[in-house]
Amino acid sequence: MTLKPDWLRVKAPQWEHVGNVKEILRDLALNTVCEEASCPNIGECFNTGTATFLIMGPACTRACPYCDINFEKKPELLDSTEPTRLAEAVRRMQLNHVVITSVNRDDLPDGGASHFVHCINAVRSISPHTTIEVLIPDLCGNWNALEIILEAAPEVLNHNTETISRLYQRVRPQGNYERTVELLQRSRQISPSTYTKSGIMVGLGETDAEIRQVMQDLRAVDCDILTIGQYLQPSQKHLQVAEFISPEQFAAWKVLGEKLGFLQIISSPLTRSSYHAEQVRELMTRYPR
């Protein structure tokens, strides 16, 4: 395995603050993508009292070779108390902005859309001033399910593109590049007031031209926000890193994204889908819908 460059070294977290967040999560029996997906920013985010909640998990019905979340063909039944527990965590952590994501639940007729809605409504009932971002799976192209989620009016609808079209079969074999772009396009059409967001990983063998094409495809469907981060291999059984991208290249993509018209683009080696997600509140002030 290629050694990580210096710019990917993460400062040791202040475990006093991390422990406070973990205590809340354990007490309420909640999962976070921060822990399940081995996010490198867990220390920074937990230190600031931020977490991305992982619902309907922790097992996923897809086994993408880049992802560290557990695979299970027949995951457990949904827990009807999870939305209430999640909302209580948001209250205890006093979050201004919350990100709610999920594993893929291809075993469910609506892909878990109704459970997303229950979570959104539960948070709104107890923390009405908290803005809500949902990071959703592709729902197997069930556009009625997408409409169900958007009718609950989350401030941000996030769906990750993950990689370039050419690499989808290897990186995201049960996904579809065109379906992902269409989901973002339909989200804009269904709910023009909702900010749309997507994210991609780099360092898997893509070219600069291919990254630029993804950015153009996302802007063509009026995607508002984009995150670009370095792929890191979770373990020896996962896809290998083809290349570590320099901070200078990430900065160049940020400049390009701004020229293309993204309202916000976060591009750096350690960027992940929910990294600095709370900044969307400032964006909403500058670009009201």
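Position 1 is the first residue of the sequence, and the numbers go up from there.
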Just so I know, are the side chains of Val181 and Gln185 near enough to count as touching, which here means a heavy-atom distance under 4.5 Å?
no
What is the distance from atom NE2 of His118 to atom OG of Ser80, rounded to the nearest 0.5 Å?
9.0 Å
Would you check if the side chain of Arg272 reaches a backbone N or O of Gln230 as a donor-acceptor pair within less than 3.5 Å?
yes
Considering residues at least two apart in sequence or located in another chain, which fulfil the salt bridge (Lys or Arg N to Asp or Glu O under 4.0 Å) criterion with Arg85?
Asp79
Tell me whether Arg188 is salt-bridged to Glu182, with the criterion being a basic N under 4.0 Å from an acidic carboxylate O.
no
Below 4.5 Å, heavy atoms only, C-beta onward: do Leu150 and Glu147 meet side chain to side chain?
no
How about CD on Glu258, more than 12 heavy atoms from neighbouring residues, nucleotides or ligands closer than 6.0 Å, or not?
yes
Shared ILVMFWY cluster between Leu78 and Ile55, side chains joined below 4.5 angstrom?
yes
Can you measure from CG (Asn158) to OG1 (Thr101) and round to the nearest 0.5 angstrom?
7.5 Å
Which value, rounded to the nearest 0.5 Å, describes the distance between Trp143 atom CH2 and Gln189 atom CD?
10.5 Å
Would you check if the side chain of Glu206 reaches a backbone N or O of Thr163 as a donor-acceptor pair within less than 3.5 Å?
no
With a 4.5 Å limit on heavy-atom distance, are the side chains of Ile136 and Leu146 in contact?
yes
Taking Pro109's backbone N and O only, do any of them form a donor-acceptor pair with Asn142's side chain (distance below 3.5 Å, no angle check)?
yes
Salt bridge check: are Glu133 and Lys197 linked by an N-O gap of less than 4.0 Å?
yes
Checking Arg124 side chain against Ala152 main chain: does a donor-acceptor pair fall under 3.5 Å?
yes
Indicate yes or no: does Arg62 engage Asp138 in a salt bridge with an N to O separation below 4.0 Å.
yes
Quick one: does Thr207's side chain have a donor or acceptor within less than 3.5 Å of a partner on Glu210's backbone?
yes
For the side chain of Glu243 and the backbone of Gly203, is there at least one donor-acceptor N/O pair under 3.5 Å apart?
no
Just checking, is any N or O donor in the side chain of His159 or Ser198 under 3.5 Å from an acceptor N or O on the other one?
no
Does Lys237 pair with Asp68 as a salt bridge, N-O distance under 4.0 Å?
no
Under 6.0 Å from the CD atom of Gln174, do we count more than 12 heavy atoms belonging to anything else shown?
yes
Under a 3.5 Å distance rule, please check whether Ser191 uses its side chain to pair with a backbone N or O of Ser187 as donor and acceptor.
no
What do the steps show when you test Thr84 against Thr81 for side-chain hydrogen bond (donor to acceptor under 3.5 Å, both in side chains), and what is the final call?
CA-CA 6 Å; Thr84 302; Thr81 70; over 6 Å; no
Can you list, by chain and residue number, the hydrophobic cluster partners of Met284 when the side-chain cut-off is 4.5 Å?
Val156, Tyr195, Ile225, Leu263, Val280, Leu283, Tyr287
Quick check on the hydrophobic clustering: are Leu167 and Met201 connected, directly or via other members, by side-chain heavy-atom contacts under 4.5 Å?
yes
Measure from NZ or CZ of Arg219 to the centre of the six-membered ring of Phe262 and say whether it is under 6.0 Å with the direction within 45° of the ring axis.
yes
Looking at Asp110 and Arg105, is there a salt bridge between them, counting it only when a charged N and a carboxylate O are closer than 4.0 Å?
no
Can you hop from Leu157 to Val117 via hydrophobic side chains spaced under 4.5 Å?
no
Check: Leu30 main-chain N/O paired with Arg26 side-chain donor or acceptor under 3.5 Å
yes
Test your reading of the model: is there a side-chain donor-acceptor pair from Ser267 to the backbone of Phe250, 3.5 Å cut-off?
yes
Student check: side-chain heavy atoms of Ile149 and Leu139 closer than 4.5 Å:
yes
Here the gap from Leu232 atom CG to Leu270 atom CG, rounded to the nearest 0.5 Å, amounts to 7.0 Å
Would the distance check show the side chain of Gln233 and the main-chain N or O of Ser235 forming a donor-acceptor pair, the cut-off being under 3.5 Å?
yes
With a 4.5 Å limit on heavy-atom distance, are the side chains of Pro75 and Thr61 in contact?
yes
With a 4.5 Å cut-off on side-chain heavy-atom distances among I, L, V, M, F, W and Y, is there a chain of contacts connecting Ile24 to Ile126?
no
